[in-house]
2 protein chains.
Amino acid sequence: MRDDPTELAEQVSAVLRHLVLLLRRTVAGQPVTSQQYAVLGSLEPGPRRMTELAEEHAVQLPTMSVQINRLEEAGLVARGSDPADARVRAVELTDEGRVRLRAVRQARIAHLSRELAALSDDERAALAVALPALAKLGRT
Amino acid sequence: MRDDPTELAEQVSAVLRHLVLLLRRTVAGQPVTSQQYAVLGSLEPGPRRMTELAEEHAVQLPTMSVQINRLEEAGLVARGSDPADARVRAVELTDEGRVRLRAVRQARIAHLSRELAALSDDERAALAVALPALAKLGRT
DNA sequence: CAGGCTAAGTTAGTTAGGCTAAGTATCATG
DNA sequence: CATGATACTTAGCCTAACTAACTTAGCCTG
């Protein structure tokens, strides 16, 4: 039973917990939190409505509402309105938000690069091959 | 530059965010939170002191203290004392805690197994190969 | 052996980030 | 044009992280 999904699942479970810790360290001390960073990332291509953002980040609408409140107070995003439908709010990055996003992304990439540099070539190669599978995992 | 750590880091970063969402769904609705589950897991082999637990889970001592408070109120762990040093508290699983841990572990494994079953054999194989590398990532 | 330092935990207070329930404003429709 | 649906927001309640400040216990040194 080498391909037993249960056995594999146990290992994946253990690794998941491990990655949570890694992520915590990757994000520690940065000027935006992990979730804020993720939301800023969603806004990079252009304005989005609240409902879209909430769905994309798998949270309820009120959660995203509060999240955007904080980002707005910080001056990183702005709430606009949709001329076609006055109920929807079009959230977009401010210039400062765009700058901040880039800076944080740089820092995160740099941190992860350092971690990855500690691996062997074979390990990095294995990782590269497995990433698509990992990416597929959530999208059941 | 196919092996460029920076490029790989970007992909890893994206996948990490994805896995956070997966983990959220995996844990949703279970009788203990993700962190509580992790702490219970640490206690399975035997009693541990607060400091050890805090370090292992990469949190400050007060955070673990509160965490253990809740688990103690729920009857899942018990605080004992070290006869050799009256300052240290030896935290251990109660019988109920042990039962709960097993149940939650089952549920998590089952959930992940279902996700994994949706992958192809090749993808599962790739995942299995990459897991050791992922596990190594945090331990810089 | 008294005083002071260090170590282990706890408590209090703040913030982020989830949730549900309830409220408001706008749109669409019978 | 009244009524229901849609898009958000607000309020209130949790978990979970942090720092700062406190207590208690052990250790060491003059």
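A, B, ... follow the sequence lines: proteins, then strands. Residue 1 opens every chain.
One finds a side-chain N or O of A:R49 lying less than 4.0 angstrom from the OP1 or OP2 phosphate oxygen of D:dA7.
Put simply, the residue from A:H18, A:E123, A:E115 that forms a side chain to side chain donor-acceptor pair (under 3.5 Å) with B:K136 is A:E123.
Rounded to the nearest 0.5 angstrom, A:T63 OG1 and A:Q35 CD are separated by 10.5 Å. Expressed to the nearest 0.5 Å, how far CG of A:L112 lies from OG1 of A:T26 amounts to 5.0 Å.
Side-chain contact between A:V15 and A:L19: present, with at least one pair of heavy atoms (C-beta onward) separated by less than 4.5 Å. At least one side-chain heavy atom of A:E72 sits less than 4.5 Å from a side-chain heavy atom of A:V77. With a 4.5 Å cut-off on side-chain heavy atoms, A:L116 and A:L127 count as touching. With contacts defined as side-chain heavy-atom distances shorter than 4.5 Å, the pair B:L22/A:L134 does not qualify.
With rounding to whole Å, A:M64 atom CE is found 11 Å from D:dT9 atom P. Atom pair B:R70:CZ and D:dC14:C1' shows a separation of 9 Å (rounding to whole Å applied). Rounded to whole angstrom, the span from the CD atom of B:Q36 across to the C1' atom of D:dC14 amounts to 11 Å. Summarising the geometry, the separation between CG on B:L40 and C1' on D:dT15 is reported as 15 Å, rounded to the nearest angstrom. Atom CG of A:D85 is separated from atom C1' of D:dC8 by 11 Å (rounded to the nearest Å).
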Every protein N/O within reach of nucleotides 17-24 of chain D N/O, cut-off under 3.5 Å:
unit_1: D:dA17; atom_1: OP1; unit_2: A:R24; atom_2: NH1; d: 3.4
unit_1: D:dA17; atom_1: OP2; unit_2: B:Q67; atom_2: NE2; d: 3.4
unit_1: D:dC18; atom_1: OP2; unit_2: B:Q60; atom_2: N; d: 2.8
unit_1: D:dC18; atom_1: OP2; unit_2: B:T63; atom_2: OG1; d: 2.9

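Remark: B:R17 engages A:E56 in a salt bridge, criterion side-chain N to carboxylate O under 4.0 Å.
Along DNA chain D, the nucleotide closest to A:S65 and the one closest to B:S34 are compared, and the more 5′ of them pairs with A:S65. Where A:P83 and B:R79 meet DNA chain C, the nucleotide closest to each residue was compared, and B:R79 sits on the side nearer the 5' end. Across the interface with DNA chain D, nearest-nucleotide mapping of A:R89 and B:A86 shows A:R89 to be the residue nearer the 5′ end.
First and last contacting nucleotides of DNA chain C toward chain B (any atom under 4.0 angstrom from a heavy atom, 5' to 3' order): C:dA7 to C:dG18.
Annotation: side-chain hydrogen bond (donor to acceptor under 3.5 Å, both in side chains) contacts involving residues 94-110 of chain B, sequence neighbours excluded, comprise B:E44-B:R105.
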